[in-house]
Amino acid sequence: MAPELNIERLSAWNMPVSKKFLIAGPCSVESEEQVQRTVMQLAAHEVTLVRGGIWKPRTRPGSFEGIGLRGLKWLKQAGNAAGLPVATEAANPAHVEECLKAGIDALWIGARTTTSPFAVQEIANALRGVDVPVMVKNPMNPDLELWMGAIERVNKAGVTRIMAVHRGFSTYGKNLYRNQPIWRIPIELRRRLPHLPLICDPSHICGKQKHIMAVAQQAMDFLFDGLMIEVHCSPRAALSDAQQQMTPAQYGRLIRKLHYVSSRGSRQLPEAIRLLRKEIDLIDSDLIALLAQRMACVRRIGTWKRNQDISLFQPERWEHILQDRVRSGVRRRLSESFVRDLFEHIHEEALNVQERIPAAKPSAPWHRKGQAVGG
Ligand code: PEP
Ligand code: MN
């Protein structure tokens, strides 16, 4: 169920937003000069809010863990010089306190922190009675409830200027992107909390600069309210996330290239779109009928398996289904990963359905051929 939240519109943030809420700045504040140069160059482009990490949550110890407290002053001064508000990550109540003392204009809760309700609650307690905007990044793991829980905790503490930041989800192994976007999660968040501002952080999704434009455009196509992009005056020399940072000039080009689409109410849609939607509705209803038919078949086969006392899971059959369906899906221009995911879901549900079929009662021993009675 969607929680009752009291959330302000983006216009109440009193920040220089035109069409989209655009946050840009270095992954980390590294030196007074670096942050100043980056922010001055950024100011030539469209920017709503400057970002800069002061305390850096690093996966492994020993890498650059942030410049710490003295960086707050440099960040604020750079923002003042450019006439722009600034934001940083707060991971505990002491960070919150230091940021407020330094006049930082907005805070964000990082992905690692959102993962821990204890940590989020401590931050929320520190925010009680304080009027500062807070951005909540999604947790590392693809768990919408955890993300919503963090947003609720902050809102319950009285913070009404809140925004969700989609930065992708961590998975094991090598993938095209550093963090998988799993778009259906932010899209479901938007469905449940339509008034909550939602932006995308393509830098942390991509991990590599060359993919950022495509993911940023995708976020615009999905009607996100803005972007958070890592920008550094000399990305190759960056002390953290060097591969995903871009120069202010590259950022400017990216922003100018973005195409913003609008969602028009269904009544204003052209006839062609309405007809196509009707067709999609019919196809979806066929899909559901077919799935129900498939599961009915699965139930019958499950009963047989139970009666014959053979395993519900048949590895060879599953291997065959997966390979065959992926092959025929790809032949019909469906992506391999989509067909694979779809059939993994279907197979999992088929096993669950069979699992719910009661096991056949063992026949009494005296009915079994060749077995001694008793003993
Ligand atoms: C960051 O924005 O600097 C950061 C560490 O991001 P995340 O929490 O999304 O990993
Ligand atoms: Mn970073």
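Counting starts at 1 for both ligands and their atoms, following the listed order.
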Can you establish whether the number of heavy atoms outside Arg184 located under 6.0 Å from its atom CZ is more than 12?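 Check fails, neighbour count at 12 or below.
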Heavy atoms of Leu291 and Ile346 approach each other most closely as CD2-CD1, 3.9 Å
Atom-level proximity to ligand 1, residues with heavy atom under 4.0 Å: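 Within 4.0 Å of ligand 1, protein side: Arg51, Lys56, Pro57, Glu89, Trp108, Gly110, Ala111, Arg112, Lys137, Arg167, His204, Glu230.
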Between [Y] and [X], is the closest basic N to carboxylate O distance under 4.0 Å?
{"X": "Arg325", "Y": "Glu344", "value": "no"}
{"X": "Asp241", "Y": "Arg178", "value": "yes"}
{"X": "Glu230", "Y": "Arg51", "value": "yes"}

Students often mix this up, so state it plainly: with edges at 30° and 60°, are the rings of Trp55 and His95 parallel, tilted or perpendicular? parallel
Taken to the nearest 0.5 Å, the spacing of Cys200 SG from Arg167 CZ works out to 11.0 Å
Who passes side-chain contact (heavy atoms from CB on, under 4.5 Å) against Gln293, sequence neighbours left out? Leu290
Side-chain polar contacts of residues 20-27 - donor-acceptor pairs under 3.5 angstrom, sequence neighbours left out - could you list them?
unit_1	atom_1	unit_2	atom_2	d
Lys20	NZ	Phe224	O	2.8

Protein-derived N, O or S atoms sitting under 2.8 Å away from the Mn ion (ligand 2) total 4
